[in-house]
Amino acid sequence: MLSNDEIKDGVSERGGFPVERKRMKQWSMRITAYCDRLINGLDTIDWPDSIKEQQRNWIGRSQGASVKFAVDGHPSTHIEVFTTRVDTIYGVSFMVLAPEHELVHAITTSAQKNEIDSYIKWAGSRSDVERMQEGKKVSGAFTGAYAINPFNDEKVPIYIADYVLAGYGTGAVMGVPSGDQRDWNFAKHFDLPIIPILDAQKGIDTEADATKEGRYINSGMINGMDYKTGTATLIQWLEAQKLGAGKIQYKLRNAVFSRQRYWGEPVPVYWKNDLPYLVEEKDLPITLPEVDKYLPTETGEPPLGNAENWRYTAPDGHQYEYELNTMPGWAGSSWYFYRYMDPNNDSVFASKEAIDYWQQVDFYIGGSEHAVGHLLYSRFWNQFMYDLGLVPHAEYAKKLVNQGMIQGRSNFVFRAKERFFEEYLWIKVLQPFLSDTDPIKMYEPGFEEEMNYDYAFASNDLVIEVTSYKQEEKIERIRQAAAADGKRLLILSNEEISDTINQPEIVAAKIRAALQSRDLFIMDGTKPKSQTLFISHNLVHKYSDEACSALHVDVNLVENDMLDLNLAKGVRMFEGASFKVDAEGKFTCSAEVEKMSKTKFNVVNPDHVIERYGADCYRMYEMFIGPIEVAKPWNTNGISGVAGFLRKFHDLFYNEKGWNVVDAEPTKDELRQLHLAIKKVSDDIERFSLNTCVSHFMILTNELRALKCNKRAILEQSVVLIAPFAPHIAEELWRGFGYTTTVCDATWPQLNAAYLETDSIIYPVQINGKHRGNVEVAVGTSNADIEQMVLAQEFVQRNLAGAAVKKLIVVPGKIVNIVM
RNA sequence: GCGGGAAUGGCGGAAUGGUAGACGCGCUGGUCUCAAACACCAGUAACUUCACGGUUGUGCGAGUUCGAGUCUCGCUUCCCGCACCA
């Protein structure tokens with residue numbers, strides 16, 4: 001049992017087994033009945049715009065009309081189309097059906113049959129990938145039949161084309177080239193008329209104009225009307241004539257609810273005379289039966305079909321087969337949060353009291369990859385439960401935030417291809433060591449055709465071929481060709497070059513020896529050690545793009561983009577490998593930011609970070625590196641700053657002798673710092689700005705250190721503040737105060753704004769909007785007095801340079817601006 | 001093509017119309033040390049000045065405002081999602 005994306009080229013992606021398509025009877029959930037409510041509900045919840053937009057797109061609501069077109073010469077048939085622009089119907093100059101449309105064969109004329117058949121065949125043979133690659137290339141075929149526009153009785157030709165999708169709407173489109181670009185492209189290609197329908201349409205000779213502005217022309221009963229009245233008039237007429245109606249179309253399909261797997265909730269249904277019946281409530285829950293193997297049965301039934309004697313005894317006393325499909329993951333993931341409200345209840349999913357107490361989920365944090373899966377299904381599921389009166393809100397999550405993904409930083413190594421060895425020989429051996437022998441490069445395009453070897457020499461009858469020693473047939477062929485040409489042949493294998501890759505003089509010596517010998521065929525008889533060759537990244541730029549291929553390498557073998565060669569030698573990927581290192585003996589890798597994934601070998605395990613810095617530090621660092629919803633690559637460069645801060649915070653409570661907190665009365669400064677932190681952290685938590693909370697803890701710690709504060713009244717509150725951010729350290733310090741219960745039970749510190757007040761305010765002074773200096777003013781000074789003080793400042797007079805003050809703005813508590 | 005988001009020092013980022021660059025990393029100098037590491041202190045947007053100071057500066061171009069990183073309009077680039085949806 002495979003999903004579509006597990007099939008490649010008609011066989012299974014894994015194993016390459018042939019795939020057979022079978023019809024299956026499956027349960028599905030009628031999510032389409034909730035399309036409008038799922039769209040409208042989005043306006044009532046505080047979710048990210050991107051998620052809302054993705055859900056809207058996925059549901060794909062379009063408002064329009066359906067219209068029936070008669071087919072000329074086929075009195076009993078008609079073609080129904082869906083259009084969002086019924087107002088353009090007088091501009092119809094052709095009709096297009098999807099190639100799969102059921103009427104195609106019935107209406108195609110015998111003269112056009114061949115053309116239509118071959119188009120259907122061609123269209124069916126093209127994969128989605130091919131269709132995407134070809135982009136907007138127009139194709140189609142004429143059926144020979146004509147449709148009749150119900151509004152003006154004009155006959156328009158009926159085509160088939162694969163730009164019309166069988167699965168959307170009715171699989172038929174009315175072609176209005178003046179108002180729709182795809183229709184326009186089609187009309188141009190098949191030389192069909194392009195009829196203007198609005199006086200505001202511009203340039204329809206060069207492209208379609210989809211405007212709804214202006215007044216209708218060439219449009220029968222709606223001539224002179226605007227979009228709104230025109231549309232209403234047409235729909236009214238259609239409905240009166242029973243030829244169509246206003247209609248809303250959705251892209252969303254019903255959601256298949258059956259899975260052919262073992263591990264899933266059993267569906268509480270049994271089958272009697274091919275009809276499903278619900279299992280009696282007293283017989284619930286159904287538990288999964290024992291099976292020998294979790295695979296489909298011989299006949300292709302789901303794995304539950306393997307269970308022996310698994311039958312339901314119905315109220316009529318007879319035994320019946322259970323439903324064999326199980327439920328999908330979203331059967332549970334759509335409403336699990338209600339179970340959290342009342343996890344031990346064994347009569348209902350959650351008691352009414354529990355649900356009334358907890359109400360909605362206040363804050364849901366999750367990945368944006370669930371935008372149109374889980375996050376849409378769960379809203380649908382909840383709406384349904386709401387309709388049944390089981391839950392108090394149509395939407396289950398008031399606020400949702402997508403956390404940004406921590407991305408991986410992938411490293412790549414470069415593996416030599418055949419071409420590399422050819423180029424290497426030229427760049428690193430023949431040119432530097434053997435230029436006196438006038439080597440000739442023959443592998444470049446142009447030579448390739450007529451020549452068999454890679455190198456020759458102007459003054460010697462030796463030729464060189466570079467290839468793998470395993471290519472015995474090729475070597476033999478070249479050997480014979482060389483003999484026929486009267487050339488002596490030196491075979492250098494990729495592998496022997498690899499063996500001495502960091503000492504090009506060795507290969508140079510071999511070549512020189514070969515040049516001087518009289519042997520007709522020279523090849524190293526010993527078996528080289530190297531199987532593959534990898535080239536340091538900082539060297540690959542010397543070679544062409546075809547010389548190497550880039551491969552993901554496990555980032556745990558790499559430090560600072562340098563491959564640890566000792567570690568690498570123990571890895572399967574580098575078995576029998578040689579490494580071409582740079583002049584400093586280093587092997588470098590290239591790097592790229594990608595999603596973290598096993599297949600990209602860029603997964604970093606936080607364990608070693610936690611081992612070195614502790615879980616609190618790891619947790620805080622993740623918060624510290626930026627806003628929660630922003631994705632960024634994992635990078636521990638700044639973690640020492642957080643580690644240092646935690647240590648300093650911890651040090652506030654201890655001296656060399658141990659616990660060092662005293663009960664003395666705190667100073668005004670100390671209280672001010674504490675309450676600044678209470679304000680900042682409390683506010684920032686509310687807006688999920690965790691990185692600035694961490695910053696402020698750093699500020700608080702630095703200030704308290706500067707004040708040498710070790711007073712309980714200050715430190716105890718600080719511990720409560722930091723507890724959600726560094727729970728382990730907070731818990732330990734909390735116990736230091738003598739508490740035996742958890743810090744989680746402490747009351748959140750209350751802000752006392754009185755502690756934040758100061759005796760004076762420092763006003764920044766701007767002149768023409770530019771900051772020029774500051775003035776310290778006692779609290780309570782009147783604006784008039786502040787103006788006097790500001791104007792008396794030396795720096796103000798200097799900057800004014802005698803010019804008149806046009807305006808002086810004092811924003812109380814904030815700033816002063818002088819306009820001159 | 002459609003939709004959504006983003007753009008600020010060497011780097012991660014801060015700034016809810018009011019001193020741009022908080023906090024941290026990195027870097028530079030200093031103290032300690034035989035030395036290094038750690039720790040601590042100071043400095044660190046660019047240009048200019050011995051210094052005081054000055055000029056420029058939040059992707060680009062306009063606008064609103066006493067005052068714009070922030071608001072409005074028009075672009076550019078990048079990221080994400082959807083995509084022949086009639």
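Within every chain, numbering begins at 1; the chains are lettered A, B, ... in the order of the sequence lines, protein sequences first and strands thereafter.
You'll find the ring centres of Tyr163(A) and Tyr159(A) outside the 6.0 Å limit. Ring pair Tyr621(A)/Trp634(A): centre-to-centre distance below 6.0 Å. In this structure, Tyr90(A) has its ring center under 6.0 Å from that of Phe151(A).
With a 4.5 Å cut-off on side-chain heavy atoms, Ser139(A) and Tyr119(A) count as touching. Taking 4.5 Å as the limit, some side-chain heavy atom of Leu756(A) sits within range of a side-chain heavy atom of Leu751(A). Taking 4.5 Å as the limit, every side-chain heavy atom of His771(A) sits out of range of all side-chain heavy atoms of Val765(A). Residues Ile365(A) and Phe688(A) are not in side-chain contact: their nearest non-hydrogen atoms beyond the backbone lie 4.5 Å or more apart. In this structure the side chain of Ile815(A) never reaches within 4.5 angstrom of the side chain of Tyr763(A), judged on heavy atoms. Annotation: side chain of Leu646(A) is in contact with side chain of Met620(A) (closest heavy-atom distance under 4.5 Å). With a 4.5 Å cut-off on side-chain heavy atoms, Asn691(A) and Ser689(A) count as touching. No side-chain heavy atom of Asn402(A) sits less than 4.5 Å from a side-chain heavy atom of Ile628(A).
rA15(B) and rA7(B) have their P atoms separated by 12 Å, given to the nearest Å. Atom P of rU65(B) sits at a distance of 16 Å from the matching atom of rU72(B), rounded to the whole Å. Nucleotides rU28(B) and rU77(B) are separated by 38 Å at their P atoms, to the nearest Å. Comparing rC11(B) with rC60(B), their P atoms are spaced 16 Å from each other, to the whole Å.
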How does each nucleotide of nucleotides 59-68 of chain B score, in 5' to 3' order, for protein heavy atoms under 4.0 Å: base (B), sugar-phosphate only (S), or none (-)? -------BS-
Nucleotide-resolved protein contact map, nucleotides 47-55 of chain B, B/S/- at heavy-atom distance under 4.0 Å: ------SSS
Between Phe69(A) and Met174(A), does the side-chain contact (heavy atoms from CB on, under 4.5 Å) criterion hold? Intermediate values first, please. CA-CA 9 Å; Phe69(A) 282 68; Met174(A) 60 183 216; 4.2 Å; yes
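Look at CD on Glu776(A): it is 18 Å from P on rU19(B), rounded to the nearest Å. Taking atom CD of Gln249(A) as the reference point, atom P of rA86(B) lies 9 Å away to the nearest angstrom. Atom NE2 of His370(A) and atom P of rC80(B) are 18 Å apart (whole Å). In this structure, Ile59(A) places its CD1 atom 18 Å from P of rG3(B), rounding to the nearest Å. Atoms CD1 (Ile51(A)) and C1' (rC82(B)) sit 13 Å apart, rounded to a whole Å. The distance from atom CD of Glu80(A) to atom C1' of rA86(B) is 14 Å, rounded to the nearest whole Å. If you take CZ of Phe69(A) and P of rA86(B), they are 17 Å apart, rounded to a whole angstrom. Residue Glu656(A) contributes atom CD, which lies 18 Å from atom P of rA39(B) at whole-angstrom precision.
Pairs engaging residues 693-705 of chain A under the side chain to side chain donor-acceptor pair (under 3.5 Å) rule: none recorded [sequence neighbours left out]. The side chain to side chain donor-acceptor pair (under 3.5 Å) contacts involving residues 785-795 of chain A comprise Ser782(A)-Asp785(A), Glu794(A)-Arg798(A), where partners must be two or more places apart or lie in separate chains.
At a threshold of 4.0 Å, the pair Arg687(A)-Asp684(A) counts as salt-bridged, since one of the basic side-chain nitrogens sits closer than that to a carboxylate oxygen. The existence of a salt bridge linking Asp43(A) and Arg56(A) is confirmed by a sub-4.0 Å separation between a basic side-chain nitrogen and an acidic carboxylate oxygen.
Of the inter-residue distances, the one linking Cys709(A) atom SG with Leu674(A) atom CG reads 8.5 Å to the nearest 0.5 angstrom. Taken to the nearest 0.5 Å, the CD1 atom of Ile248(A) stands 12.0 Å off from the OG atom of Ser66(A).
Note: Tyr168(A) and Phe82(A) have perpendicular aromatic rings, judged against thresholds of 30 and 60 degrees for the angle between ring planes. Between Phe645(A) and Phe649(A), the two ring planes are tilted [angle within 30° to 60°].
With sequence neighbours excluded, no residue satisfies salt bridge (Lys or Arg N to Asp or Glu O under 4.0 Å) with Arg253(A). In this view, Asp36(A) and Arg61(A) satisfy the salt bridge (Lys or Arg N to Asp or Glu O under 4.0 Å) rule, not counting sequence neighbours.
The phosphate of rA86(B) has OP1 or OP2 within less than 4.0 Å of a side-chain N or O from Ser62(A).
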Quick one: which protein N/O atoms are closer than 3.5 Å to N/O atoms of nucleotides 29-32 of chain B? Pair and distance per line, please.
none

Protein-nucleotides 7-15 of chain B N/O pairs closer than 3.5 Å?
| residue | atom | partner | partner atom | Å |
| --- | --- | --- | --- | --- |
| rG12(B) | O2' | Ile625(A) | O | 2.6 |
| rG13(B) | OP1 | Lys632(A) | NZ | 2.9 |
| rG13(B) | O3' | Asn691(A) | ND2 | 3.3 |
| rA14(B) | OP1 | Asn691(A) | ND2 | 2.9 |
| rA15(B) | OP1 | Arg687(A) | NH2 | 3.1 |

Close N/O contacts between protein and nucleotides 69-74 of chain B (under 3.5 Å):
none

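Of all the residues in residues 647-655 of chain A, Arg647(A), Lys648(A) reach under 4.0 Å from RNA chain B with at least one non-hydrogen atom. Using a 4.0 Å cut-off on heavy atoms, the residues of residues 696-708 of chain A that approach RNA chain B are Met698(A), Ile699(A), Asn702(A), Arg705(A), listed by number.
Syn is the conformation of rG9(B), whose glycosidic angle sits no further than 90° from 0.
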RNA chain B base-pair string [pairs: Watson-Crick or G-U under 3.5 Å; |: paired with another strand]: (((((((..(((.....[....)))((((((.......))))))((((....))))..(((((..]....))))))))))))....
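Of the candidates rG81(B), rU19(B), rC84(B), rG81(B) carries the atom nearest the Asn57(A) side chain, counting heavy atoms from C-beta on. Here the side chain of Thr84(A) is nearest to one of rG3(B), rA86(B), rA20(B), namely rA86(B).
With a 6.0 Å cutoff to the six-membered ring centre and a 45° limit on the axis angle, Lys399(A) does not count as a cation-pi contact of Phe363(A).
Between the side chains of Ser410(A) and Glu594(A), at least one donor-acceptor pair of N or O atoms lies under 3.5 Å.
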